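Inspection log for the structure reproduced underneath, given as structure tokens.
The structure presented is a predicted model; accordingly, all values stated were derived computationally and were not measured.
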Amino acid sequence: MKVPVLTYHAMNVGGNDYANNDHVALASDLRTLTRAGFAVEPLRHVVDRLLRGDARDGRPRVAICCDDGSDFDYRDIEHPTHGMQRSMVNVLRDFQREHPGAQPALHITCFVIVSPQARTELDRTCMIGRGWWNDDWWREAVASGLAGIGNHSWDHHHGTLGARPFADAALGTFCSVDRDEIADHEILRAQRHLLEAVPNDAAPLFAYPYGEHNEFLVDSYLPRLAARDPQAAPLAAFTTEPDYLTAASPRWRLPRFVCGEHWQSPAELDRILEGAR
């Protein structure tokens, strides 16, 4: 088992070319993956096999996810500078229509910021304040069979947020989540909300904001939470360390490749895929 997990950010719209638009990149990458013989499958399926110790061979596999959970994940939006942007889920629909049967398990896991209040504030501070960071599409996305909704923390511990319950914990980094009460606020609170608001197979998957983690979260908090409350705890946690999922990958520090950071062209993606063979 050697699986690349490919990560996109739907708010990365700096133009309409591969290198500056993750929607354009995803559309191209789906064709690249298929030509290379890789089967796209839900990230939860990959994690389940990892935890079972199932290292079966066969057709090479890849999983796709998207971080932050803005409306760009699911809705086509008219960008004020770069025009209409096809949502990430609709990019998958387009591929299915153009290549019927080529990827029967096509799926994307959308790691979302869970707090409605935080998303409202981040819509203003991180986008342009047009109300493009909602949760009314989550259930519809899951019902489509093309997307899952995973945990990207309660509020991303984001540096642009206002009043916070833990004034001594530095914002703008997830490394400062270093004690139980802060971790409960960021991880467990979000997990419980997701399991109630949009129960789905991806809900127990957690992606660290900024891809950042620390020894407390990896070696203490998440293992203890999983032992104490397995129904509410995350099943596994993902960083943005660029590597492949293998049988040896640590459950609370799983790697992912990030579009624009770890590959910037189809040729660079080909090199990542070649390393998974």
Side-chain angles (χ1 to χ4, degrees), residues 1-8 30 33-34 36-67 92 102-112 141-153 183 187-188 190-192 194-196 198-208 211 213 215 217-258 262 272-277:
M1 178 181 178
K2 196 173 185 182
V3 180
V5 178
L6 305 181
T7 304
Y8 300 83
L30 291 175
L33 293 170
T34 303
F38 278 74
V40 180
E41 66 177 351
L43 183 57
R44 174 62 188 271
H45 292 185
V46 176
V47 170
D48 285 346
R49 290 208 321 276
L50 174 72
L51 297 181
R52 289 197 308 265
D54 181 358
R56 66 187 178 193
D57 294 320
R59 183 179 180 186
R61 293 170 175 83
V62 63
I64 296 172
C65 57
C66 190
D67 280 5
L92 269 60
Q103 291 287 355
L106 192 61
H107 191 273
I108 187 168
T109 296
C110 301
F111 284 109
V112 303
V142 170
S144 75
L146 289 171
I149 304 297
N151 182 355
H152 201 36
S153 83
I187 299 173
L188 183 57
Q191 194 68 65
R192 287 173 170 163
L194 274 187
L195 291 171
E196 180 177 350
V198 57
N200 74 105
D201 285 349
L205 303 180
F206 176 68
Y208 294 104
H213 54 88
E215 289 184 4
L217 292 169
V218 171
D219 298 330
S220 176
Y221 177 78
L222 286 170
R224 283 189 289 109
L225 181 60
R228 182 180 79 239
D229 193 351
Q231 297 304 312
L235 182 67
F238 287 87
T239 71
T240 53
E241 296 172 344
D243 205 349
Y244 306 94
L245 283 184
T246 72
S249 297
R251 176 180 177 182
W252 307 116
R253 206 182 73 236
L254 298 176
R256 298 187 293 167
F257 294 94
V258 179
H262 303 133
I272 290 174
L273 299 179
E274 187 59 32
R277 294 188 183 281

Would D67 and V258 satisfy side chain to side chain contact (heavy atoms under 4.5 Å, CB included), going step by step from the backbone distance to the final call?
-> CA-CA 10 Å; D67 280 5; V258 179; over 6 Å; no
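- Taking CZ of R61 as the start and NZ of K2 as the end, the distance is 16.0 Å to the nearest 0.5 Å.
- Using a 4.5 Å heavy-atom threshold, the side chains of L273 and P4 count as touching.
- Side-chain contact between Q231 and L195 is absent, with no heavy atoms from C-beta onward closer than 4.5 Å.
- The heavy-atom pair separating R277 from P60 by the smallest distance is NH1-CG, 4.1 Å.
- Summarising the geometry of I187 relative to Y221, their closest heavy-atom pair is CD1-CE2, 4.1 Å, with the distance given to 0.1 Å.
- In this structure, C110 and H152 have side chains that are not in contact, with every pair of non-hydrogen atoms separated by 4.5 Å or more.
- Using modelled atom types, no side-chain atom of T239 and backbone atom of G211 make a donor-acceptor pair closer than 3.5 Å.
- Rounded to the nearest 0.5 angstrom, S144 OG and H107 NE2 are separated by 7.5 Å.
- For the pair R256 and L43, the minimum side-chain heavy-atom distance is 4.5 Å or more.
- Contact detail for A183 and L217: the closest heavy-atom pair is CB-CD2, 4.1 Å.
- Note that the CG atom of L6 and the NE2 atom of H262 stand 11.5 Å from one another [nearest 0.5 Å].
- Proximity of I272 to Y244: side-chain heavy atoms (C-beta onward) are separated by under 4.5 Å at one or more points.
- Between F206 and F111 there is no side-chain heavy-atom pair separated by less than 4.5 Å.
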Evaluate the criterion side chain to side chain contact (heavy atoms under 4.5 Å, CB included) for residue pair L33 and I64; output intermediate values, then yes/no.
-> CA-CA 11 Å; L33 293 170; I64 296 172; 4.2 Å; yes
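- In this structure, CG in L235 is found 6.5 Å from CH2 in W252, a value given to the nearest 0.5 Å.
- Taken from CG in D201 to CD1 in I149, the straight-line distance is 12.5 Å, to the nearest 0.5 Å.
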CA sep, side-chain torsions, deciding dist, call: D229, R192, side chain to side chain contact (heavy atoms under 4.5 Å, CB included) = CA-CA 11 Å; D229 193 351; R192 287 173 170 163; 3.5 Å; yes
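- At a threshold of 4.5 Å between non-hydrogen side-chain atoms, the residues T7 and F238 do not count as touching.
- In this structure, P204 and R44 approach most closely via the heavy-atom pair CG-NH1, 3.8 Å.
- The two atoms that bring L245 and P255 nearest to each other are CD2-CD, 3.5 Å, heavy atoms only.
- A203 approaches L194 most closely through the heavy-atom pair O-CD1, 4.2 Å.
- At least one donor-acceptor pair closer than 3.5 Å links the side chain of R59 to the backbone N or O of F38.
- Of the possible polar contacts, one joining the N200 side chain to the V198 backbone as a donor-acceptor pair under 3.5 Å is found.
- In this structure, the side chains of V3 and L50 stay at 4.5 Å or more apart for every pair of heavy atoms.
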Hey, mind stepping through M1 and V46 against side chain to side chain contact (heavy atoms under 4.5 Å, CB included) and telling me if it holds?
-> CA-CA 9 Å; M1 178 181 178; V46 176; 3.6 Å; yes
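- For the atom pair L222 CG and L188 CG, the distance stands at 10.0 Å (nearest 0.5 Å).
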